[in-house]
Amino acid sequence: MTADRRTDRRARRRAHGADRAARPVSHRRRPAVRGGRPLLALLLSGFLVVGVCAATGIAWDPLGGAPEQNTTVRGASAPQSTGPGSPPGAGDPTPAQPQQSPPPTRRPAADGDSGGAVDSGAARPAGALPFDMPRPAALRSGRAGGKLVFAHYFTPYPLSLDNADADKDYYTRNYLDPDGESGKHGRYGGLLRDRPLPVTPKGGDWEYANLQQEVRTARDAGIDGFTLDLLSLSGKNWDRANLLMAAARSVDPAFKIMLMPDMTSLKTDDPRVLAEALATLADASAAHRLPDGRLVVSPFKAEAKSVTWWTEVIRVLKADHGIGTAFVPLFLDFGAHTGEFAPISHGFSEWGSRSYTGQESSTRDVRRAHGMGKIWMQPVSVQDARPNQGIYDEAGNTATLRATWTRAIEDGADWVQLTTWNDYSEGSQFAPSLHNGHAYLDLTSYYLTRFKTGGWPKVVRDTLYLTSRTQFADADPTGDQSLVMSLRKGSAPARDTVEVLSFLTSPATVRTTVGTAQDSHDAPAGIHSALLPLRTGTSAAHVVRDGRATAKVDLPYRADHTVEVQDLQYYAASSGREP
């Protein structure tokens, strides 16, 4: 690009600085700061049917500084559509009209590019994991049954928004394309950088069938249920919430939905209105209740309403609907509100940090909750990159995932919430996605098994996980994007690395290729992380033992210095899955 164009683009970014500072925070995030990387809109000209799901399994304290600077907040500080045909309603964004714009320009696919992968909804293939997943009964009974794992479900991003082929569906045309939705997301290079792993169009009630598929995928990874983000009490998000309750019951009566009214999004100041809505959802057998029958209600940013207000909600649920409540508030500032909320609470939670540094402080929060006789629900996360807010956290490849799971395990958390299952606008998804496949969910099954059973699973097959960005952290996008992402305060420093995370049955050599650089390292039995400098090109790794190759993984997404759109999410691949 010309020097004049680059100067003009940087001037536009500076002009947006004040706007960025004034923008309200997202409904469950920390305030904006900046950083990111390019968009891969290489969507699907043909489908390779790839197995998904899982073997028959089922199921902190802010970093230093002001709470408003260090709490990861959710929300829509920029336009966020629920897709085509979304009626306006409380908490629902203005509906976007479907467009007939062409798909985004595709980057040339590298050899082995997985751009044609599709989620078939099939069971997890044999050999996908480095260990043998326990049977559902083993994860739902005894000690394991008392340790619950939920995944935060965000209703705006189901598997499909319009039941169209993935090369021309709503995600491709309007969310991944910087010019989508009539250019409303152009300032930050498009709303999303990743999407759910595409599904083939279905006949009949396809929305219901897709929600059933998501429940099966989560259950088979060992997850006990979803925490359901209630963004509104009417409109498309409300309808989808009700449909999810029915889908969960139809797939597995033991899969539970914890109600999480989102107090940054719900538009009511009347405790009776919220109590009525919660009672409606509580009629579904999938609603999560304690063994004593109490309905679990875990509001996001509970401190948005007073203890008196929540006491009235709890009273109305009991008096008018006969529903006892186990109140488990989730705070953006845990330390400031636990004392006042303790008398009405069964337990506590927090949204948590998305970087691997500073996680040790969660020990204090767990101890504080347990010291007050309350349960603790620990946040576990992969990463966080929000183009529409101009902010990201340095996840350090899989370091954040491993660090947050370690804290949940070592600190004795009672429950875990994976944050999130499917919020693609944050880049925080565990669910199978186009650019990550099942890698993060498969890794979670390993740590989840340890969390629930108390014993580390035995590694019975060599498995490699390869993670990398497709651009360098300081890459300056050449397109028309004027709002770029910066590191959030308190995050680990940005880094440009490829990680080879190995699970080995015995010591072996791991041979790697990053761009044109070839290398090798000796890895011990068990889990081992090796970091390599990020280079231009694609990455691959394979295990060699006794002169014979075993596990092999390719990450087909090319890393470049020159990018059109900023995209700072880590992409992932697993040797346990077919490309």
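Heavy-atom basis, side chains included; hydrogens, waters and symmetry copies ignored. None of the values given here were measured: they were computed from a predicted structure.
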Exercise for review: State, to 0.1 Å, how close A572 and A439 come at their nearest heavy-atom pair, and which atoms those are.
Suggested key: CB-CB, 3.7 Å
Study note, to complete from the structure: Closest non-hydrogen contact found for A241 with L228 is CB-CD2, 3.7 Å
Check your understanding: Counting only N and O atoms by type, is there a donor-acceptor contact under 3.5 Å from the side chain of D270 to the main-chain atoms of R272?
Key -> yes
Review point. Quick check, are the ring centers of Y440 and Y465 under 6.0 angstrom apart?
Key: no
Check your understanding: Taking NZ, NE, NH1 and NH2 as the nitrogens, is one of them in R461 or D132 under 4.0 Å from a carboxylate oxygen of the other?
Key -> yes
**Study point:** Value rounded to 0.5 Å, distance of CZ in R195 from CG in L159
**Key:** 9.5 Å
Exercise for review: Using side-chain hydrogen bond (donor to acceptor under 3.5 Å, both in side chains) as the criterion, point out the one residue from R193, R469, H435 that pairs with Y571.
Suggested key: H435
Check your understanding: If every non-hydrogen atom of P158 is compared with every non-hydrogen atom of E214, which pair is closest and at what distance?
Key -> CA-OE2, 3.9 Å
Exercise for review: Quick one: pull up CG in L233 and CD in E276 and give me the separation to the nearest 0.5 Å.
Suggested key: 10.5 Å
Point to revise | N/O donor-acceptor pair under 3.5 Å between R240 side chain and T155 backbone | key: yes
Point to revise | Side-chain donor/acceptor of N388 to backbone N/O of H185, under 3.5 Å | key: no
Practice item. Measure up the F226 and F255 rings against each other and bin them: parallel (under 30°), tilted (30 to 60°), perpendicular (over 60°). Key: perpendicular
Check your understanding: Any chance CZ of R450 has more than 12 other-residue heavy atoms, nucleotides or ligands included, within less than 6.0 Å?
Key -> yes
Exercise for review: Any chance you could measure L148, atom CG, to L139, atom CG, to the nearest 0.5 Å?
Suggested key: 11.5 Å
Study note, to complete from the structure: In terms of heavy-atom contacts, S160 and V199 come closest through CB-CG2, 4.3 Å
Review point. Considering all heavy atoms of both residues, which atom of R124 and which atom of L129 are nearest to each other, and what is their separation?
Key: NH1-CD1, 3.0 Å
Practice item. Apply salt bridge (charged side-chain N to carboxylate O under 4.0 Å, His left out) to the pair D292 and R294, showing each step before the final yes or no. Key: CA-CA 6 Å; D292 62 12; R294 284 181 292 162; 2.9 Å; yes
Review point. Under 3.5 Å, is there a donor-acceptor pair between the side chain of S428 and the main chain of D384?
Key: no
**Study point:** Ring geometry between Y175 and Y170 (parallel below 30°, tilted from 30 to 60°, perpendicular above 60°)
**Key:** perpendicular
**Study point:** Check: Y424 ring centre within less than 6.0 Å of F154 ring centre
**Key:** no
**Study point:** NE2 on H438 to CG on L197, rounded to 0.5 Å
**Key:** 6.0 Å
Point to revise | Side-chain donor-acceptor contact under 3.5 Å, D194 with S433 | key: yes
Check your understanding: Does any N or O in the side chain of D414 come within less than 3.5 Å of the main-chain N or O of W376, such that one atom is a donor and the other an acceptor?
Key -> yes
Exercise for review: Answer yes or no: is there a donor N or O on one side and an acceptor on the other, between the side chain of N422 and the main chain of A431, under 3.5 Å?
Suggested key: no
Review point. Is the backbone N or O of F327 less than 3.5 Å from a side-chain atom of T325, with the two atoms forming a donor-acceptor pair by type?
Key: no
Practice item. Output yes when a side-chain donor or acceptor of T400 lies under 3.5 Å from a complementary backbone atom of Q383, and no otherwise. Key: no
Check your understanding: Are F300 and W351 close enough that their ring centres sit under 6.0 Å apart?
Key -> yes
**Study point:** Under 3.5 Å: donor-acceptor pair, side chain of K147, backbone of A413
**Key:** yes
Exercise for review: Please report the closest heavy-atom contact between R577 and A128, naming both atoms and the distance.
Suggested key: NE-CB, 4.0 Å
Review point. Is there a donor-acceptor pair closer than 3.5 Å between any side-chain N or O of N174 and the backbone N or O of E181?
Key: yes
Point to revise | Exercise: do Y157 and Q429 side chains pair donor with acceptor under 3.5 Å | key: no
Point to revise | Spacing of K452 atom NZ and D224 atom CG [to the nearest 0.5 Å] | key: 3.5 Å
**Study point:** Salt bridge present between R315 and D320 (N-O < 4.0 angstrom)
**Key:** no
Check your understanding: Are side-chain N/O atoms of T172 and D169 paired as donor and acceptor at under 3.5 Å?
Key -> yes
